[in-house]
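Contents: one structure, followed by commentary.
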Amino acid sequence: MVIRLDKYLCDMQAGTRSAVKDIIRKKRVTINGEVITRPEIKVDIDKDVVAVDNNVLGYSEYEYYMLNKPAGVVSAVSDKDFKTVVELITDNKRKDLFPVGRLDKDTEGLLIITNDGDMAHRLLSPKHHIDKTYYVVAKGSIDNKYIDEFKNGLVVDKDFTAMPAKLEILQYNNQDDTTFLNITIQEGKFHQIKRMFKAAGSEVLYLKRLSMGKLQLDETLEPGKFRPLTGSEIDLLKSWN
């Protein structure tokens with residue numbers, strides 16, 4: 001792909017558009033070792049080597065991160081009251097990152113942060129029916145009958161019947177009167193899982209997303225930590241067409 005030099009530098013956070021033009025004018029930018037003084041010069045991002053003050057800038061049009069979202073942080077780009085998931089991506093100064101979808105403020109787990117709008121649209125499109133698996137700690141004992149009710153499409157309330165979901169009861173803790181479960185859904189309605197368990201006569205005490213499709217949360221990531229997606233993980237995301 002070929003783009004203008006000033007766009008290249010802006011994308012790589014070398015400065016604002018006006019600052020980048022000033023850097024170029026001051027002969028601080030080279031392409032393949034040659035000093036460049038015109039911002040409109042074209043750069044082949046696959047072949048050319050661009051440097052500012054002799055520091056090479058590798059170009060990446062899109063960034064992809066896996067975040068283990070902690071509780072208490074909101075799934076947003078900005079918020080006047082709470083810290084956002086984008087603010088947790090501390091090694092990237094790009095200003096176009098955003099979360100793919102959302103997790104409730106008190107929900108933990110897998111969240112993708114990117115600037116690839118087309119890919120995000122595909123992942124969130126209802127027609128793709130991507131499985132999303134969550135670990136749940138629920139109040140009380142969950143009757144086995146709900147495995148079939150979830151599978152057949154639980155009637156949540158008069159306005160919402162959920163699509164078929166897979167409910168896996170892992171363990172009941174008699175001492176705390178809590179049940180540990182996994183649930184897999186394909187929708188993402190507002191507070192959907194909490195509403196489903198409420199309809200089952202329970203209450204969600206803890207919720208953590210474990211996977212989206214075949215992309216699994218890296219369990220070595222502590223809450224609040226992140227890492228770039230690997231090439232194979234990015235390929236997984238792009239295969240959901």
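Values reported hereafter were calculated over all heavy atoms of this structure, with side chains retained and with hydrogens, waters and symmetry mates removed.
Taking the charged nitrogens against the carboxylate oxygens, Lys194 and Asp106 do have a contact shorter than 4.0 Å, which makes a salt bridge. Checked for salt-bridge contact, Lys7 and Asp11 meet the test: a charged N lies under 4.0 Å from a carboxylate O.
For residues 16-28, the salt bridge (charged side-chain N to carboxylate O under 4.0 Å, His left out) pairs, not counting sequence neighbours, are Asp6-Arg17, Asp22-Arg25, Asp22-Lys26, Arg28-Asp53. For residues 179-192, the pairs satisfying side chain to side chain donor-acceptor pair (under 3.5 Å) are Asp104-His191, Asp131-Gln186, Thr133-Thr184, Glu187-Gln192, with sequence neighbours left out. Within the structure, side chain to side chain donor-acceptor pair (under 3.5 Å) pairs that include any residue of residues 66-79 do not occur (at least two apart or interchain). Applying the side chain to side chain donor-acceptor pair (under 3.5 Å) test to pairs two or more places apart or on separate chains, those with a residue in residues 140-157 are Asp157-Arg195.
By the side chain to side chain donor-acceptor pair (under 3.5 Å) test, Tyr62 is found to be paired with no residue, residues two or more places apart in sequence or in another chain being considered. Residues that satisfy the side chain to side chain donor-acceptor pair (under 3.5 Å) test with Thr16, not counting sequence neighbours, are Ser18. For Glu40, the salt bridge (charged side-chain N to carboxylate O under 4.0 Å, His left out) partners are Arg38, not counting sequence neighbours. Applying the side chain to side chain donor-acceptor pair (under 3.5 Å) rule to Glu168 yields no partners; only residues at least two apart in sequence or on another chain are considered.
The shortest side-chain heavy-atom distance between Thr114 and Phe98 falls under the 4.5 Å cut-off. Residues Leu103 and Tyr134 meet the side-chain proximity criterion, which asks for heavy atoms closer than 4.5 Å.
Phe180 and Tyr172 fall into different hydrophobic clusters, where Ile, Leu, Val, Met, Phe, Trp and Tyr are joined by side-chain heavy atoms under 4.5 Å apart, directly or via other members. Under the 4.5 Å side-chain contact rule for hydrophobic residues, Met163 and Phe150 do not share a cluster. Under a hydrophobic-cluster definition in which Ile, Leu, Val, Met, Phe, Trp and Tyr are linked whenever side-chain heavy atoms come within less than 4.5 Å, directly or via other members, Ile183 and Leu210 are assigned to different clusters.
As a member of the Ile/Leu/Val/Met/Phe/Trp/Tyr network built from side-chain separations under 4.5 Å, Leu57 groups with Met1, Ile3, Leu5, Tyr8, Leu9, Met12, Val20, Ile23, Ile24, Val29, Ile31, Ile36, Ile41, Val43, Ile45, Val50, Val52, Tyr59. Val74 belongs to a hydrophobic cluster with Phe82, counting contacts under 4.5 Å between side-chain heavy atoms of Ile, Leu, Val, Met, Phe, Trp and Tyr, direct or through other members. Here Val35 sits alone; no ILVMFWY side chain lies under 4.5 Å from its own, so it joins no hydrophobic cluster.
Between atom CG of residue Asp116 and atom CD1 of residue Ile234 there is a gap of 9.5 Å, rounded to the nearest 0.5 Å. Taking CG from Leu207 and CD1 from Ile193, the interatomic distance works out to 5.0 Å, rounded to the nearest 0.5 Å. Annotation: the span from Tyr65 atom OH to Ile112 atom CD1 amounts to 14.0 Å, rounded to 0.5 Å. Separating the CD1 atom in Ile169 from the CD1 atom in Ile147 is a distance of 4.0 Å, to the nearest 0.5 Å. Distance NZ/Lys214 to CG/Asp235: 12.5 Å, rounded to 0.5 Å. To the nearest 0.5 angstrom, Ile130 atom CD1 is 5.0 Å from Leu123 atom CG.
When atom types are taken as modelled, the side chain of Asn173 and the backbone of Thr178 share no donor-acceptor pair closer than 3.5 angstrom. The main-chain N or O of Leu110 is found under 3.5 Å from a side-chain atom of Arg209 such that the two form a donor-acceptor pair.
No side-chain N or O of Asn115 forms a donor-acceptor pair with one of Tyr64 less than 3.5 Å apart.
Within a 6.0 Å radius of CG in Asp46, other residues, nucleotides and ligands contribute more than 12 heavy atoms.
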Hey, can you pull the donor-acceptor pairs under 3.5 Å for the side chains in residues 197-206, sequence neighbours left out?
unit_1	atom_1	unit_2	atom_2	d
Ser202	OG	Lys139	N	3.4
Ser202	OG	Lys139	O	2.6
Tyr206	OH	Glu108	OE1	2.7

